[in-house]
2 protein chains.
Amino acid sequence: MTVELHFQLDFRSGTPIYEQIVEEVRRRIHGGQLKPGDQLPTVRQLALELRVNFNTVARAYRILDEAGMISTQQGRGTYILAPPDADHGERLRQVTLEHLAEDFAQQALRLGYSPRVIREAFEKALLRGLSDESNG
Amino acid sequence: MTVELHFQLDFRSGTPIYEQIVEEVRRRIHGGQLKPGDQLPTVRQLALELRVNFNTVARAYRILDEAGMISTQQGRGTYILAPPDADHGERLRQVTLEHLAEDFAQQALRLGYSPRVIREAFEKALLRGLSDESNG
DNA sequence: CATTCAATGATACAATGATACATTGTATGG
DNA sequence: CCATACAATGTATCATTGTATCATTGAATG
């Protein structure tokens with residue numbers, strides 16, 4: 001399922017190779033030829049095709065990764081990411097909060113504390129956290 | 001009966017998958033959701049659920065095995081060994097309600113949630129924990 | 001020229017995946 | 001009963017993928 005890119009580098013342009021790769025992938029993502037979930041060629045595959053060292057491709061991929069456009073995963077490959085969506089990020093954050101809350105509640109209950117005592121401890125900790133936040 | 005874990009991996013976090021699995025199982029053992037004698041999902045079941053190779057799960061299980069927290073047995077399965085309070089190597093600190101509450105409050109605040117949202121998540125989790133306690 | 005520094009290459013490494021294997025429990029047939 | 005076959009489990013080994021580190025190159029600069 002890894003897509004083919006087929007594009008030509010200009011070795012004489014003065015623009016670094018890794019930059020040319022970054023720009024090409026960028027264009028294809030914006031142009032829609034590359035869609036979220038698509039797997040890019042491996043660093044070695046693309047390097048072979050472009051006749052460059054695979055570290056150069058890796059460098060381009062790393063830049064795109066840091067820009068949030070792709071996801072590089074050691075041992076797995078690199079994939080196009082969905083464009084950052086504020087709503088989606090919010091949903092993930094909410095999941096995390098629920099997870100934290102659930103862990104806390106379960107552990108507290110398991111230690112045998114009553115709901116009333118747990119609520120008190122929670123409220124106290126929350127207020128303390130708030131004052132810490134505003135002061136320090 | 002093998003327990004279900006359902007948890008999400010973060011493929012983009014940079015933390016290796018096997019490490020994320022190790023930590024998740026650790027948390028559930030300490031939190032009491034996993035008790036001695038419980039059978040974990042088989043490496044293949046969990047791998048399928050998490051969409052990773054089963055060797056990655058096997059690696060996590062092996063680490064937990066070497067830490068003395070679980071027992072993996074070829075041809076049989078893997079089982080929780082550790083009593084929840086026996087801490088293996090790491091943090092031997094006393095887990096108190098105050099600590100739990102403080103950790104939860106601080107982490108939630110650090111994520112940028114408003115006190116109101118945190119209270120809602122907490123209350124919901126607590127009620128759910130209570131009903132789980134009485135039912136299951 | 002010598003020096004410096006960014007770009008690229010070479011090499012070793014870590015994480016994950018694919019595949020074949022050994023061990024255990026259970027069903028099946030005699 | 002016992003033996004055998006089979007299915008399910010974890011294990012071992014190697015291939016594949018990205019990462020880290022250092023060496024090399026080549027152009028800019030003094």
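So you know, we letter chains A, B, ... as the sequences are listed, proteins then strands, and number each from 1.
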Colleague: Would you tabulate the nitrogen or oxygen pairs shorter than 3.5 Å linking the protein to nucleotides 26-28 of chain D?
Modeller:
none

Colleague: Sugar-phosphate means primed atoms, P, OP1 and OP2; the rest is base. With that split, encode nucleotides 11-17 of chain C 5' to 3' as B, S or - using protein heavy atoms under 4.0 Å.
Modeller: B--BBBB
Colleague: Got a sec, which residues hit salt bridge (Lys or Arg N to Asp or Glu O under 4.0 Å) with B:Glu123, two or more places apart in sequence or on another chain?
Modeller: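 Scan of B:Glu123 (salt bridge (Lys or Arg N to Asp or Glu O under 4.0 Å), adjacent residues dropped) gives A:Arg119.
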Colleague: Between atom CD in B:Gln73 and atom C1' in D:dA8, what is the gap in whole Å?
Modeller: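 Answer to the nearest Å: 14 Å.
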Colleague: After noting the C-alpha distance and the side-chain angles of B:Ser13 and B:Gln20, does the key distance pass the side-chain hydrogen bond (donor to acceptor under 3.5 Å, both in side chains) rule?
Modeller: CA-CA 10 Å; B:Ser13 71; B:Gln20 293 185 43; 3.2 Å; yes
Colleague: Rounding to a whole Å, what distance do you find between B:Arg12:CZ and D:dG18:C1'?
Modeller: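 Rounded to whole Å, this separation is 16 Å.
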Colleague: Once salt bridge (Lys or Arg N to Asp or Glu O under 4.0 Å) is applied, do any residues pair with B:Arg51, and if so which ones, sequence neighbours excluded?
Modeller: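 B:Arg51: no salt bridge (Lys or Arg N to Asp or Glu O under 4.0 Å) contacts found.
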Colleague: Any idea how A:Phe104 and B:Phe104 line up, ring-wise: parallel (<30°), tilted (30 to 60°), or perpendicular (>60°)?
Modeller: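 The arrangement is parallel - the two ring planes meet at less than 30°.
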Colleague: Figure out the CG/P separation between A:Asp65 and D:dT19, and round it to whole Å.
Modeller: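 Value for this atom pair: 7 Å.
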Colleague: Among residues at least two apart in sequence or on other chains, which ones pass salt bridge (Lys or Arg N to Asp or Glu O under 4.0 Å) with A:Glu23?
Modeller: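 Testing A:Glu23 for salt bridge (Lys or Arg N to Asp or Glu O under 4.0 Å), a comparison that skips the adjacent residues, returns A:Arg26.
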Colleague: Looking at A:Thr72, does any N or O in its side chain come under 4.0 Å of the phosphate oxygens OP1/OP2 on D:dT17?
Modeller: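 Checking A:Thr72 against D:dT17: no side-chain N or O falls below 4.0 Å of OP1 or OP2.
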Colleague: If I take atom CD in residue A:Gln39 and atom C1' in nucleotide D:dG18, what distance separates them, rounded to the nearest angstrom?
Modeller: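 It works out to 12 Å between those atoms.
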Colleague: So, B:Gln73 and B:Ser71: side-chain donor and acceptor under 3.5 Å apart, yes or no?
Modeller: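 There is such a pair (donor and acceptor under 3.5 Å, judged by atom type) between the side chains of B:Gln73 and B:Ser71.
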Colleague: Which residues satisfy the salt bridge (Lys or Arg N to Asp or Glu O under 4.0 Å) test with A:Glu120, sequence neighbours excluded?
Modeller: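 Once residues adjacent in sequence are excluded, the partners of A:Glu120 under the salt bridge (Lys or Arg N to Asp or Glu O under 4.0 Å) criterion are A:Arg116.
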Colleague: Are B:Phe122 and B:Val117 connected, step by step, through hydrophobic side chains (Ile, Leu, Val, Met, Phe, Trp, Tyr) whose heavy atoms are closer than 4.5 Å?
Modeller: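 Linked, B:Phe122 and B:Val117 end up in one cluster.
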